[in-house]
Number of protein chains: 2
Amino acid sequence: MERPSSIFNHMVELTQDPLDTVFHALGDATRRHMLRNLTEGERTVSQLAAPFDMSLAAASKHIKVLESAGLIRREVRGRTHWCFLEPGPLASAQEWLNYYEHYWSDRLDVLEHLLREEDAGRASASKKPPKSNKGDET
Amino acid sequence: MERPSSIFNHMVELTQDPLDTVFHALGDATRRHMLRNLTEGERTVSQLAAPFDMSLAAASKHIKVLESAGLIRREVRGRTHWCFLEPGPLASAQEWLNYYEHYWSDRLDVLEHLLREEDAGRASASKKPPKSNKGDET
DNA sequence: AAATTATTAAACTAGATGGTTGACCATGGA
DNA sequence: TCCATGGTCAACCATCTAGTTTAATAATTT
């Protein structure tokens, strides 16, 4: 449940697997909404906060969560803070998910296959034995 | 922050955006590890728990989180519970992330472009104006 | 029938989350 | 210089989280 620090300690959480913080940040509709908003261009904190029925301070916290997950970057110009999407971590989250993509397409294929089989002859109710065991990494 | 119930109330969380629960479930290295493990085939609760330095009860809770996020399914055979990957929600998480894919490739392109530019003439430090505004959906 | 195994349940704890409010601190405009 | 604006910070609160330990339940084994 720990993770040694890396050379990459640029204001961005340590001690935790980066995927922990990224996925956690994504686990909130408000924050996802903010990210979506940021795809359309840079936004100030108040602009990001505006759509939500919560105090500015609360929104500010959400933004900080996104920031420390590395999902956004902030640039202070005068008294206003401008936020930008920082897509790298999203890419890494997607990479993680990509691992499963083949798997679920396979599953859907298998399902489709089984259905077709059932549809055709209604003969074998096979139990689909799982693949073998192997090492893992997270 | 609420979500009306749907026709789809099959033991799987309501009141929350499904993405909330899915991303939340993914926001923990233990649970991601378990999922990874399940790609290699069905596993019992104890098998899933084995690699981790925590009580079986704790692992059992993690499994329940995965289950109620719809990420796994459970089949009770005798006294042992077998778990299977249920890839649908992973697909939906990936779908959500896919929205950003073009964006970050664009960004990386832009970055690459800027670097090349800087490398070449060191002339323009343009501010890259954002795209226009538009409606959103989470 | 008794003991063992597989798993959940319940009660508890420490710490994180997500929200509030009110004070604070720059910056920018009058 | 004064005041409004943009934002953070600190304290507080309710709820959730992730873990613990000690039962309890249910299905095998002996």
Side-chain angles (χ1 to χ4, degrees), chain A residues 1-3 11 13-17 19-35 37-38 42-69 71-84, chain B residues 1-3 11 13-17 19-35 37-38 42-69 71-84:
Chain A
M1 231 132 214
E2 289 289 306
R3 184 52 73 102
M11 276 284 88
E13 294 289 326
L14 28 113
T15 81
Q16 280 219 331
D17 187 322
L19 279 179
D20 281 10
T21 42
V22 169
F23 278 127
H24 167 255
L26 296 181
D28 182 293
T30 302
R31 292 192 288 259
R32 288 197 305 278
H33 204 109
M34 286 174 164
L35 289 177
N37 223 270
L38 283 168
E42 59 189 50
R43 292 282 185 272
T44 73
V45 167
S46 341
Q47 285 173 345
L48 283 177
F52 303 104
D53 185 23
M54 67 177 70
S55 67
L56 183 62
S60 173
K61 282 189 194 176
H62 280 297
I63 292 172
K64 208 180 309 177
V65 169
L66 291 170
E67 193 180 13
S68 57
L71 287 164
I72 71 176
R73 185 173 32 91
R74 178 193 308 242
E75 199 177 307
V76 182
R77 296 186 205 144
R79 67 184 161 183
T80 78
H81 298 201
W82 293 89
C83 303
F84 311 83
Chain B
M1 234 133 211
E2 290 287 307
R3 185 51 71 99
M11 278 283 87
E13 293 289 327
L14 27 112
T15 80
Q16 280 220 329
D17 187 321
L19 279 180
D20 281 10
T21 43
V22 169
F23 278 127
H24 168 254
L26 296 180
D28 181 293
T30 302
R31 292 192 287 261
R32 288 198 305 277
H33 204 109
M34 286 174 164
L35 289 178
N37 222 271
L38 283 168
E42 59 190 49
R43 292 282 185 274
T44 71
V45 167
S46 340
Q47 286 173 346
L48 283 176
F52 303 104
D53 186 23
M54 67 177 68
S55 69
L56 183 63
S60 173
K61 283 189 195 173
H62 280 297
I63 292 171
K64 208 181 309 177
V65 169
L66 291 170
E67 193 180 12
S68 57
L71 287 164
I72 70 177
R73 187 172 31 92
R74 179 193 306 244
E75 197 177 308
V76 181
R77 296 184 204 145
R79 68 183 160 183
T80 78
H81 297 201
W82 293 88
C83 302
F84 311 82

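First the proteins, then the strands, lettered A, B, ... as listed; each starts at 1.
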All salt bridge (charged side-chain N to carboxylate O under 4.0 Å, His left out) counterparts of A/R74, not counting sequence neighbours: A/E67
Spacing of A/D28 atom CG relative to D/dT17 atom C1', expressed in whole Å: 15 Å
Test side-chain contact (heavy atoms from CB on, under 4.5 Å) applied to B/L38 and B/C83, step by step: CA-CA 8 Å; B/L38 283 168; B/C83 302; 4.1 Å; yes
Rounded interatomic separation in angstrom, taking CD1 from B/I63 and C1' from D/dA18: 14 Å
Any B/H24 side-chain nitrogen or oxygen under 4.0 Å from OP1 or OP2 of D/dT17: yes
Under 4.0 Å protein heavy-atom contacts per nucleotide of nucleotides 21-30 of chain C, with B for base, S for backbone only and - for none: B-----BS--
Sugar-phosphate only, base, or nothing, as touched by A/K64 at under 4.0 Å among non-hydrogen atoms: sugar-phosphate
Interatomic distance, A/E75 CD vs D/dG6 P [rounded to whole Å]: 18 Å
Separation of D/dT17 P from B/Q16 CD (nearest whole Å): 8 Å
A/H81 side-chain N/O to D/dG6 phosphate OP1/OP2 under 4.0 Å: no
Closest-nucleotide 5' rank along DNA chain C - winner of A/D53 and B/Q47: B/Q47
Protein-nucleotide distance (A/R31, atom CZ; C/dG19, atom C1'), rounded to Å: 12 Å
B/L66 CG to D/dT17 C1', straight-line distance once rounded to whole Å: 14 Å
Partners passing side-chain contact (heavy atoms from CB on, under 4.5 Å) against B/A58 (at least two apart in sequence or in another chain): B/M54, B/S55
Length of the line joining B/D20:CG and D/dT17:P, which is rounded to integer Å: 11 Å
For A/R31, the option from A/L26, A/L66, A/L71 that meets side chain to side chain contact (heavy atoms under 4.5 Å, CB included): A/L66
Per A/T80 side chain, nearest of listed nucleotides D/dT20, D/dG6, D/dA18: D/dG6
Check against side-chain contact (heavy atoms from CB on, under 4.5 Å), B/H62 and B/F52: CA-CA 11 Å; B/H62 280 297; B/F52 303 104; over 6 Å; no
Gap between atoms CZ and C1', on B/F52 and D/dT20 respectively (whole Å): 18 Å
Residues forming a side chain to side chain donor-acceptor pair (under 3.5 Å) with B/T80, sequence neighbours excluded: B/W82
Side-chain touch A/R32/B/D17, heavy atoms, less than 4.5 angstrom: yes
